[in-house]
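Within every chain, numbering begins at 1; the chains are lettered A, B, ... in the order of the sequence lines, protein sequences first and strands thereafter.
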2 protein chains.
Amino acid sequence: MKKTEKASLAPIDPANQQTIDPYHERILNAARELFKASGLENVSMYSIAKQAGIGQGSLYRRFTDKGEICSALLRDSTGRFLTELEREAQSSNADDPALQRLQNSIEQVVDFIDQHAELLHLIKSEFVGKKQLTQFEHPFFRRVNVIFTELLSQAAENGEIVNIDPHFTVTALLSVLSPDLYLYQQKAHQSTKEDITQGILTLFIDGLVRKKR
Amino acid sequence: MKKTEKASLAPIDPANQQTIDPYHERILNAARELFKASGLENVSMYSIAKQAGIGQGSLYRRFTDKGEICSALLRDSTGRFLTELEREAQSSNADDPALQRLQNSIEQVVDFIDQHAELLHLIKSEFVGKKQLTQFEHPFFRRVNVIFTELLSQAAENGEIVNIDPHFTVTALLSVLSPDLYLYQQKAHQSTKEDITQGILTLFIDGLVRKKR
DNA sequence: TGACAATGCGGACAATTGTCCGTAGACTAA
DNA sequence: TTAGTCTACGGACAATTGTCCGCATTGTCA
């Protein structure tokens, strides 16, 4: 068998966390083409392997399901988005009240979901379906969780908000930020991005502000 | 072929909406046995058909997936619960403020989810996975939705709460009442039913009460 | 350079889902 | 009773997922 381009799994370039694996790119390119041609739902793992010109074993060794392929397709923009979100939430505007920064972060996340709702939805479906996990355990939500929890805890310490359990509240917030709900609100109530943002802020910002009766 | 007990699909007893279909019960009994023996996850539709002693076609004609079988297994208790919930929300305690009745209803729903979390979770998974629908479109959530929307709208009319979009808010509330989140809160934060109820009420009752700054 | 170990590719295969259709039995009318 | 129609049963079959293992290729060491 000719194997001039044999993929090697081990070597990792530590500089950018990128595996030097020619198959990796071939798989993602194949997936991109098929997704574009037939839509996310109508593409099977088998056909992706075929399109990439590799065996199924080689495909499954790298991606256990379509969700992971979608994650990889989104990885760059997701990574950039989260890094920027963390930066904004922490360092910059450090003089703003924590609740104000939380509101900004929520708005950013809604923006991101709005842009990638369909892919995120599939990622989530595969993730919870195959891995017996909830969406909250997905790396993306985990990172957002850390950011939100930090901001909400700060807001609580500063007495900006009523007495709550930050962990519960953040999980509830993430639940409301699920792509599921976003797509449903658009479909069922023709809600715009602004409608949805407003609804979330009412519940999780205005609703938590400490007020007197 | 001997067919003394051939199932007939059409005849429906209008009195109790119950199909007179011997296969129906045989399938549910088979499923109950297998579920008990091997756990929800490890039972295939094929094995249920085998256990019931019928062909796969006959099984799929009645239940398109395991979620529907679970729904059927829960149907009686679900039906009773929803009927009671509707009764309480509407007629009785009609003099209570709507927001108070909403709080009661939420507590009831949390109770119900607490009792049936695992089955509900599987029903939901199958429902959203196979049917391209969101959990909000499931009959159970639809009926709860109607109840909650009515109560919230009443509360809004009576000026009990701040200005909100009842449809959005109820969907968000249902999202937070998802079995997913319930199981996750238990697993990740060792939350009790009371913790979770309290968290939800803080967001959706206290947070919406009209107050002045 | 040849022997031997390690890697990982690829496709055969088992398991499962969901569809489809030939056909047995039930029903109806003459 | 018979002929014709209809229902729906059951299992063959196609499609897909995920696993496993024989074997080719690469690397190592003498």
Side-chain angles (χ1 to χ4, degrees), chain A residues 1-12 19-28 30-31 34-35 37-70 122-123 125-133, chain B residues 1-12 19-27 30-31 34-35 38-70 122-123 125-133:
Chain A
M1 185 192 304
K2 196 67 168 301
K3 193 65 62 63
T4 43
E5 284 212 293
K6 175 153 186 175
S8 54
L9 202 65
I12 296 193
T19 40
I20 308 173
D21 176 358
Y23 277 24
H24 220 267
E25 266 312 305
R26 275 169 64 184
I27 291 168
L28 295 185
L34 293 176
F35 285 164
S38 318
L40 287 189
E41 298 298 335
N42 305 313
V43 177
S44 68
M45 290 293 275
Y46 177 84
S47 64
I48 292 173
K50 266 289 149 60
Q51 171 79 16
I54 64 173
Q56 286 195 74
S58 305
L59 172 57
Y60 275 97
R61 207 165 294 119
R62 292 169 176 77
F63 303 99
T64 66
D65 56 54
K66 267 199 288 180
E68 293 197 349
I69 295 179
C70 292
L122 195 145
I123 290 171
S125 302
E126 299 283 321
F127 189 76
V128 310
K130 313 281 157 90
K131 311 205 173 61
Q132 308 280 43
L133 296 171
Chain B
M1 185 192 303
K2 194 69 169 299
K3 193 64 61 65
T4 43
E5 283 211 293
K6 175 153 186 174
S8 53
L9 203 63
I12 295 192
T19 40
I20 309 173
D21 176 359
Y23 277 24
H24 220 267
E25 266 313 305
R26 275 168 66 184
I27 291 169
L34 293 176
F35 285 163
S38 318
L40 288 189
E41 297 299 335
N42 306 313
V43 177
S44 67
M45 291 293 275
Y46 177 84
S47 63
I48 293 173
K50 268 287 150 62
Q51 172 79 15
I54 64 173
Q56 287 195 72
S58 305
L59 173 56
Y60 275 96
R61 207 166 294 119
R62 292 169 175 79
F63 304 98
T64 66
D65 55 56
K66 267 199 288 181
E68 292 197 350
I69 294 179
C70 292
L122 195 143
I123 291 170
S125 303
E126 298 284 321
F127 189 77
V128 310
K130 312 281 156 89
K131 313 207 172 64
Q132 309 280 46
L133 295 170

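In this structure, of C:dG18, C:dC9, D:dG18, it is C:dG18 that holds the atom nearest to the side chain of B:Asp65. Closest contact between the side chain of B:Tyr60 and the listed nucleotides D:dT16, D:dC9, C:dT17 involves C:dT17.
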For nucleotides 11-15 of chain D, tabulate all protein N/O to nucleotide N/O atom pairs closer than 3.5 Å, reporting atom names and distance.
| from | atom 1 | to | atom 2 | distance (Å) |
| --- | --- | --- | --- | --- |
| D:dG11 | O6 | B:Gly57 | N | 3.2 |

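Rounded to whole Å, atom P of C:dG10 lies 13 Å from atom OH of A:Tyr46. For the pair A:Phe63 CZ and D:dG18 C1', the computed distance is 16 Å after rounding to whole Å. Atoms CD1 (B:Ile69) and P (C:dG18) sit 11 Å apart, rounded to a whole Å. Note: NE2 (A:His24) to C1' (C:dG8) measures 15 Å, nearest angstrom. When the P atom of C:dT19 is taken as reference, atom CG of B:Leu59 falls 12 Å away, rounded to whole Å. As rounded to whole Å, 17 Å separates atom P of D:dT7 from atom OH of B:Tyr23. In this structure, CE of B:Met45 is placed 19 Å from P of D:dT16, rounded to the nearest angstrom. One interatomic measurement links the two molecules: CD1 of A:Ile27 to P of C:dG8, which rounds to 14 Å at whole-angstrom precision.
The two residues B:Leu59 and B:Met45 come nearest to each other via the heavy atoms CD2-O, 3.1 Å. Of all heavy-atom pairs between A:Tyr60 and A:Thr64, the closest is CE2-O, 3.6 Å.
B:Glu68 pairs in a salt bridge (charged side-chain N to carboxylate O under 4.0 Å, His left out) with only one of the listed residues (B:Lys131, B:Arg61, B:Arg62), which is B:Lys131.
With sequence neighbours excluded, the residues forming a ring pair (Phe, Tyr, Trp, His ring centres under 6.0 Å) with A:Phe63 are A:His24, listed by chain and number. Shown here are the salt bridge (Lys or Arg N to Asp or Glu O under 4.0 Å) partners of A:Glu41, two or more places apart in sequence or in another chain: there are none.
Heavy-atom nearest nucleotides on DNA chain D were determined for A:Val43 and for B:Gly53, and the one closer to the 5' end corresponds to B:Gly53.
Across residues 125-133 of chain B, not one residue has a non-hydrogen atom less than 4.0 Å from an atom of DNA chain D.
Here the side chain of A:Lys66 pairs a donor or acceptor atom with the backbone of A:Val43 at under 3.5 angstrom.
Using a 4.0 Å heavy-atom cutoff across all strands shown, B:Ser47 reaches no nucleic acid atom at all.
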Side-chain atoms of residues 49-57 of chain B: list all donor-acceptor pairs with protein atoms under 3.5 Å, sequence neighbours left out, distances to 0.1 Å.
| from | atom 1 | to | atom 2 | distance (Å) |
| --- | --- | --- | --- | --- |
| B:Lys50 | NZ | B:Tyr46 | OH | 2.8 |
| B:Gln51 | NE2 | B:Glu33 | OE1 | 2.7 |

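Summarising the geometry, atom SG belonging to A:Cys70 is positioned 4.5 Å from atom CG belonging to A:Leu122; distances are rounded to the nearest 0.5 Å. A:Ile48 CD1 to A:Phe35 CZ: the interatomic distance, rounded to the nearest 0.5 Å, is 4.5 Å.
Helical stems of DNA chain D (runs of at least 3 Watson-Crick or G-U pairs, donor-acceptor distances under 3.5 Å) are listed by first residue: C:1-30 with D:1-30.
Put simply, the side chain of B:Ser47 reaches to within 4.5 Å of the side chain of B:Leu34, judged on heavy atoms.
Contact annotation: A:Arg62 side-chain N/O to C:dG10 OP1/OP2 distance is not under 4.0 Å.
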